[in-house]
Visitor: 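Pasting a structure below so you can have a look.
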There are 2 protein chains.
Amino acid sequence: MAKRITTQEKILNAAEALFAEQGFEQTSLRQITTEAAVNLASVNYHFGSKKALIQAVMARYLEIFMPALRTQLEGLGAKGSFTTRDVFDRFRTPLSELRQVRKHGPTLFLSLLGFAYAEIQGHLRRYTMEHFGDVMALLLDTLHQANPKLSPVDMFWRLHFVLGATVFAQVSGPALREIAAADFGEAVAADQVIDRLIPFLAGGVDATTAE
Amino acid sequence: MAKRITTQEKILNAAEALFAEQGFEQTSLRQITTEAAVNLASVNYHFGSKKALIQAVMARYLEIFMPALRTQLEGLGAKGSFTTRDVFDRFRTPLSELRQVRKHGPTLFLSLLGFAYAEIQGHLRRYTMEHFGDVMALLLDTLHQANPKLSPVDMFWRLHFVLGATVFAQVSGPALREIAAADFGEAVAADQVIDRLIPFLAGGVDATTAE
DNA sequence: TATAAATTAAAACGCATGTTTAAAATGGAT
DNA sequence: ATCCATTTTAAACATGCGTTTTAATTTATA
């Protein structure tokens, strides 16, 4: 017997798919509840507001991703020395674990993260920093260990460039993969974008600073 | 005597400032017309629709930027050999020329470009490709000359990572510069972000591909 | 089975948006 | 100075949104 899917889960599942596809603002509660085949009012009943729903969608992923990333980074830190590339490679496992949540969890998560930053969801930034600020600090510290030449302020900026490239790659992902397939006859799976991305990011972070 | 400012220009000026600050979707025509001190209906009268206004705002910059970039790239192509870094450095002049349009033209333009991609303004993408597709092709070609090792499809993806990092840096620019100033006591002018960005981008594009 | 609590359902509310309409004002050409 | 096209204005329109309300229904408890 299939396990019972609650209304809340139906909403979360429909919401995250639409959010990842269209962004938060552009997705209406009516779209979500239609897709989930539940009543419009149930979103406010179960979650309180649209904003709270967005947070719930993100939390489901962050609660898996962040502890996993922390474990990975701590494991790397135990080693004597490592490269920037090593640090970014440590993102692979935490991302893969998101498949527990949903089949396309990794892609969904990164897309959501993308929209969270692209649209200015200040409350999400606050939520992340409040609950997982320590992991973010650990990431910054680990990257600095990998590349001690870079000053903290340089690392700060580059880490945000990294975030930008990542986010953009996901948000524009579907469109870009389509163009790539048409122009190069080379279909690229969503998950493989990350394989193209990681070398780029490591190269960027390791670049020599401006003279 | 100050030169007369037409209603259309008043609208364009108010619109671009608000767009760059808040994005396209989040900026209402009522905000724009209030700021510009013109009647609400004048937007639709002069431009036809909000979508057309967005296009007009972008066109004002693209029509200066794109030909300038083309000139720069052609100048570089005449040289025997050049690096990826050289290519990105050629963006500086075209960006600076945007100051003709407005004092903070370069920053405004990049922010607008950012929102154009972050929000899914498909019509802007189409417009750019339609009117300046040749320049984009030239850019891709020039980058390939600078780094022949990279396959076209690799270059395609990396160029879009570049765009993502750039766009994100501008959209989140104000917030990031604030944090940077607070955490590192180091104020960074908006124009200087591009100086931090260029080495990062060149490093990313030149990175060795995944094994 | 009777009762209370939790959930679902349908409808309406209040608000903000882009757009349209139709009248008033403006400005240049004859 | 008059006429006509252009522009500005104020008002309303249609639509979609998140949210709230109130009643019906289901579910669990005693």
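The chains referred to below are lettered A, B, ... by the order of the sequence lines, with proteins before strands, and numbering in each begins at 1.
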Visitor: Taking only side-chain N and O atoms of B:His46, does any of them lie within less than 4.0 angstrom of OP1 or OP2 on D:dT6?
Guide: no
Visitor: Taking the nucleotide of DNA chain D with the nearest heavy atom to each, does A:Gly48 or B:Thr7 sit closer to the 5' end?
Guide: B:Thr7
Visitor: Could you pull out every donor-acceptor pair under 3.5 Å between side chains of residues 37-46 of chain A and any protein atom, sequence neighbours left out?
Guide:
| from | atom 1 | to | atom 2 | distance (Å) |
| --- | --- | --- | --- | --- |
| A:Asn39 | OD1 | A:Ala41 | N | 2.9 |
| A:Ser42 | OG | A:Asn39 | O | 2.4 |
| A:His46 | ND1 | A:Gln8 | NE2 | 3.4 |

Visitor: Which residues pass the side chain to side chain contact (heavy atoms under 4.5 Å, CB included) test with A:Thr93, sequence neighbours left out?
Guide: A:Gln72, A:Glu97
Visitor: Name all residues meeting the ring-ring contact (aromatic ring centres under 6.0 Å, His included) criterion together with B:His131; count only those two or more places apart in sequence or in a different chain, and write none if there are none.
Guide: B:Tyr127
Visitor: Between B:Arg85 and B:Asp206, does any side-chain N to carboxylate O distance fall below 4.0 Å?
Guide: no
Visitor: Between protein and nucleotides 9-16 of chain D, map the contacts as a letter string: B base, S sugar-phosphate only, - none, heavy atoms under 4.0 Å, written 5' to 3'.
Guide: BB-B----
Visitor: Please find the earliest and latest nucleotides of DNA chain C, in the 5' to 3' direction, that have an atom within less than 4.0 Å of any heavy atom of chain A.
Guide: C:dA6 to C:dA12
Visitor: Would you mind reading off the bend of the helix from C:dT1-D:dA30 to C:dT30-D:dA1 from its two end axes, five pairs each, to 10 degrees?
Guide: 0°
Visitor: Using a cut-off of 4.0 Å on non-hydrogen atoms, how would the nucleic acid contact of B:Thr33 be classed: base, sugar-phosphate, or nothing?
Guide: nothing
Visitor: Taking the side chain as everything from C-beta on, heavy atoms only, tell me whether B:Met58 gets closer than 4.5 Å to B:Thr128.
Guide: no
Visitor: Just to be sure I understand the rule, does A:Thr6 reach a base, reach only the sugar-phosphate, or reach nothing, if contact means heavy atoms closer than 4.0 Å?
Guide: nothing
Visitor: Side chains of B:Arg60 and B:Asn13: donor-acceptor distance under 3.5 Å anywhere?
Guide: yes
